[in-house]
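To find a chain, count down the sequence lines: A is the first, B the second, and so on, and within it residues start at 1. The basis for the numbers below is simple: all heavy atoms, side chains too, and nothing from hydrogens, waters or symmetry mates.
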2 protein chains.
Amino acid sequence: MKKPTARSATVTIKHVARHAGVSLGTVSRVLNRAGNVDAALRRRVEEAILNLGYEPNPVAQSLRSRQSRVIGVLMPDIQNPLTAAAVTGLEPVLTRAGYTLFLANSHSDRERESDVLEQFKRRRVDGVIVMVANDNDEATRAQLRDFSVPLVMMERVIDLDVDCVLTNQYDGTYRATRYLLGLGHRRIGLITVPAITHSGRERLRGFESAFTDLGLDVPRDLIHSGGRQHPYGRDAAYSSLIGRDPATAIVASGGHLAGVIEAVRLLNLSVPRHLSLVTLGDTELAALIEPPITAIRYDWAATGRCAAELLLDHLAGGHGSTRQRITVTHEFIIRGSCAAPGAKTPRAG
Amino acid sequence: MKKPTARSATVTIKHVARHAGVSLGTVSRVLNRAGNVDAALRRRVEEAILNLGYEPNPVAQSLRSRQSRVIGVLMPDIQNPLTAAAVTGLEPVLTRAGYTLFLANSHSDRERESDVLEQFKRRRVDGVIVMVANDNDEATRAQLRDFSVPLVMMERVIDLDVDCVLTNQYDGTYRATRYLLGLGHRRIGLITVPAITHSGRERLRGFESAFTDLGLDVPRDLIHSGGRQHPYGRDAAYSSLIGRDPATAIVASGGHLAGVIEAVRLLNLSVPRHLSLVTLGDTELAALIEPPITAIRYDWAATGRCAAELLLDHLAGGHGSTRQRITVTHEFIIRGSCAAPGAKTPRAG
DNA sequence: TTGAAAGCGCTAACAC
DNA sequence: GTGTTAGCGCTTTCAA
């Protein structure tokens with residue numbers, strides 16, 4: 001039943017036409033369900049297609065029709081479990097709709113990012129889903145403004161007419177901080193990514209609001225909004241934990257958690273006795289380490305799915321040119337890493 | 001300096017030719033560094049390209065030249081940190097060589113895998129890097145045999161004329177098991193993926209050899225070679241740890257580690273007092289959990305890099321039709337999860 | 001409805 | 001060396 005007359009030479013629409021005794025145009029019409037085709041002819045064509053094992057050549061289709069059925073996906077780092085989850089979320093949505101994915105890693109490098117985007121465009125992708133390295137950057141804005149390919153931004157926001165899918169980092173951070181504040185902590189540290197992305201800025205805002213809403217001073221000396229890497233988390237935690245008036249609690253982004261834990265061990269501190277910990281973004285590590293870490297969880301797969309659906313809508317001409325901005329909410333997972341402050345840390349003055 | 005005469009309508013090779021006062025062919029030759037072009041003409045063409053901001057259309061190039069400069073990458077699951085690392089390893093190698101990546105997830109589903117592969121082929125990818133779901137499957141073998149696109153297999157092996165890049169799971173598992181045996185353990189459990197992949201089979205072999213090389217009986221009742229998921233790890237560990245003659249040590253694949261730890265906690269066991277643990281494949285979790293887990297580490301990024309280079313070689317006509325089979329070796333990271341057996345487990349008879 | 005023909009943007013074979 | 005020409009495989013007018 002399969003590959004009945006499988007010939008090794010590529011069979012083209014021409015062969016089908018000849019085989020069915022119709023013209024090229026008719027075959028094309030059958031293929032694209034466009035225009036009305038007589039039932040009898042349609043049957044003949046479909047038979048010929050089956051008999052010859054014909055498969056349309058997407059490259060030729062793309063050249064002629066100016067659309068490729070390819071979506072470009074650009075992420076800072078697929079190794080990050082969160083972005084990996086997002087890709088896993090968006091992939092089946094796009095695939096089911098008949099799209100294939102170009103995937104590239106920018107490694108948060110603007111140059112690379114710019115190159116990839118141009119590459120995508122030249123290759124005539126129908127749409128792009130991107131998480132830019134810096135959504136505050138003028139060059140990025142300029143490139144995206146003139147991009148002229150349907151585009152959905154993930155976890156970034158930019159003053160441009162594009163769709164955005166965001167996780168609610170403001171709410172999450174606010175809630176985590178208020179929780180700690182409610183436990184009696186005042187010296188709370190924040191360790192997060194730089195403020196050059198929506199997530200970075202929103203976490204900062206959420207953290208600060210939690211204090212100011214209560215009429216409290218924000219402990220600015222304990223805010224570390226810098227590197228993205230594991231060592232940064234360690235160093236930031238370390239410096240928050242030593243000195244005159246150390247932090248009794250820390251809110252750290254998921255990517256920094258491992259570093260924070262390292263610092264905690266280095267200082268021989270115990271969680272939650274000496275230090276309470278909440279992580280922004282739930283990970284396997286947070287769930288399984290002892291004690292398990294209380295976490296704000298975001299559903300990244302849903303974010304990816306949402307971005308894909310938005311793009312598909314856009315491609316179908318759905319929302320016209322109305323810009324959508326969707327926010328995915330969080331879940332608060334209380335585990336065992338938080339307690340009221342009080343226990344003196346070993347080395348406290 | 002940028003985009004001097006940036007016209008919004010796409011500028012084609014024709015425009016360049018007219019602008020430079022040469023023929024299409026000459027422009028093409030300049031573009032492809034093919035054939036000799038007079039220095040003066042070349043300069044004129046290059047100037048025209050710059051002036052017009054011309055960029056070749058890869059779709060047209062692809063249609064005509066029958067090569068796309070796209071590589072298809074198919075993995076069972078990009079969310080798995082190991083495959084994510086592999087992708088991160090192979091990506092820059094391919095990108096630097098001017099290739100763009102199609103990436104797809106098979107979710108270890110044969111049907112999906114087959115579709116993706118055909119999709120890749122129809123889209124005229126120049127090559128494929130794939131980690132098939134089951135390298136023991138006849139349909140898979142048949143598809144790959146007739147595939148007629150340069151292909152490199154990752155972490156799978158198949159009786160076919162294709163390049164393979166493998167991690168040495170035999171050696172790794174052997175070493176882990178011997179280590180435990182050396183500590184005095186005899187009731188050692190193995191928890192791993194099904195034997196439908198190279199990794200699964202090699203681990204089994206390595207485990208068994210470690211026993212038989214010492215003239216010992218293989219504790220077959222403690223071998224769990226089944227599911228791929230976290231719950232499987234938990235259940236397998238649980239059943240190894242209860243009963244008359246429970247395991248005193250377990251060798252578990254990285255993906256199962258979380259499940260094993262869950263079971264250990266459920267049973268209120270302590271590592272390494274009641275149970276020694278080695279993981280096949282190092283993860284963040286293994287490194288940071290308390291106690292840190294002794295691990296066989298494989299460099300997956302290197303594996304990816306290697307696969308990419310192999311494919312590139314192949315595309316360049318490098319190795320001709322000689323099948324390469326490269327094995328990436330392991331590293332043994334001794335941490336704190338192993339001790340001599342002896343401590344009676346709480347519920348032991 | 002259907003067929004014929006033009007051409008998407010490019011490469012490669014062939015003349016000159 | 002360089003220009004001319006014929007397609008790659010398809011979609012899409014335009015007539016019929």
Side chain of A:Ser23 - closest among C:dC10, C:dG3, D:dG9: C:dG3
Student check: side-chain heavy atoms of B:Val59 and A:Ser68 closer than 4.5 Å: no
D:dC10, OP1 or OP2 - any side-chain N/O from A:Asn57 closer than 4.0 Å? no
Closest to the 5' end of DNA chain D, once B:Arg124 and B:Thr26 are matched to their nearest nucleotides, is B:Thr26
With heavy atoms under 4.0 Å as the rule, sort A:Val59 into base, sugar-phosphate or nothing. nothing
Specify the separation, in whole Å, of atom CG of A:Asn32 and atom P of D:dG9. 17 Å
Heavy-atom count around B:Glu111 CD within 6.0 Å, excluding the residue itself: above 12? no
Test item: side-chain donor near acceptor, A:Asp163 and A:His314, under 3.5 Å: yes
Give the minimum heavy-atom separation between A:Arg156 and A:His198, together with the two atoms involved. CA-CB, 3.9 Å
Rounded to whole Å, CZ of A:Arg123 lies from C1' of C:dG9 at a distance of 15 Å
Distance in angstrom units between B:Ile13 CD1 and D:dG3 P, rounded: 12 Å
Rounded to whole Å, how long is the line connecting atom CZ of A:Arg66 with atom P of C:dG7? 13 Å
By side chain to side chain contact (heavy atoms under 4.5 Å, CB included), which residues pair with A:Glu55, not counting sequence neighbours? B:Arg122
Enumerate all atom pairs, one protein N or O and one N or O from nucleotides 14-16 of chain C, separated by less than 3.5 Å.
none

Measure the distance from CG on A:Leu63 to P on D:dT12 and round it to the nearest whole Å. 12 Å
Heavy atoms, side chains only, cut-off 4.5 Å: are B:Leu103 and A:Phe102 in contact? no
Would you tabulate the pairs of protein nitrogen or oxygen atoms and nucleotide nitrogen or oxygen atoms of nucleotides 5-7 of chain D closer than 3.5 angstrom?
{"unit_1": "D:dG7", "atom_1": "N2", "unit_2": "B:Arg64", "atom_2": "NE", "d": "3.4"}
{"unit_1": "D:dG7", "atom_1": "N2", "unit_2": "B:Arg64", "atom_2": "NH1", "d": "2.8"}
{"unit_1": "D:dG7", "atom_1": "N3", "unit_2": "B:Arg64", "atom_2": "NH1", "d": "3.1"}

I'd like to know if A:Glu47 pairs up with A:Arg43 as an ion pair, taking the criterion as any Lys NZ or Arg NE/NH1/NH2 lying under 4.0 Å from an Asp or Glu carboxylate oxygen. yes
Rounded distance in Å - CG (B:Leu52) to P (C:dG9): 14 Å
Name the closest nucleotide to the B:Leu41 side chain, picking from C:dT11, C:dA4, D:dT2. D:dT2
Nearest-Å distance for atom pair CG/P, residues A:Leu31 and D:dT12: 12 Å
Under 3.5 Å: donor-acceptor pair, side chain of B:Thr26, backbone of B:Val22: no
Counting just side-chain N and O atoms, does A:Thr10 come under 4.0 Å of either OP1 or OP2 of D:dG9? yes
Integer-rounded Å distance: D:dG9 C1' and B:Gln61 CD: 17 Å
OP1 or OP2 of D:dT11 under 4.0 Å from side-chain N/O of A:Ser28: yes
Of all heavy-atom pairs between B:Leu94 and B:Ala308, which one has the smallest distance, and what is that distance? CD1-CB, 3.6 Å
If you check every side-chain atom of B:Asp38, which of C:dG3, D:dG1, D:dG3 has the closest atom? D:dG1
Validation row: A:His107, A:Gln79 side chains within 4.5 angstrom (heavy atoms): no
Side chain of B:Val37 - closest among C:dT2, D:dT2, D:dT12: D:dT2
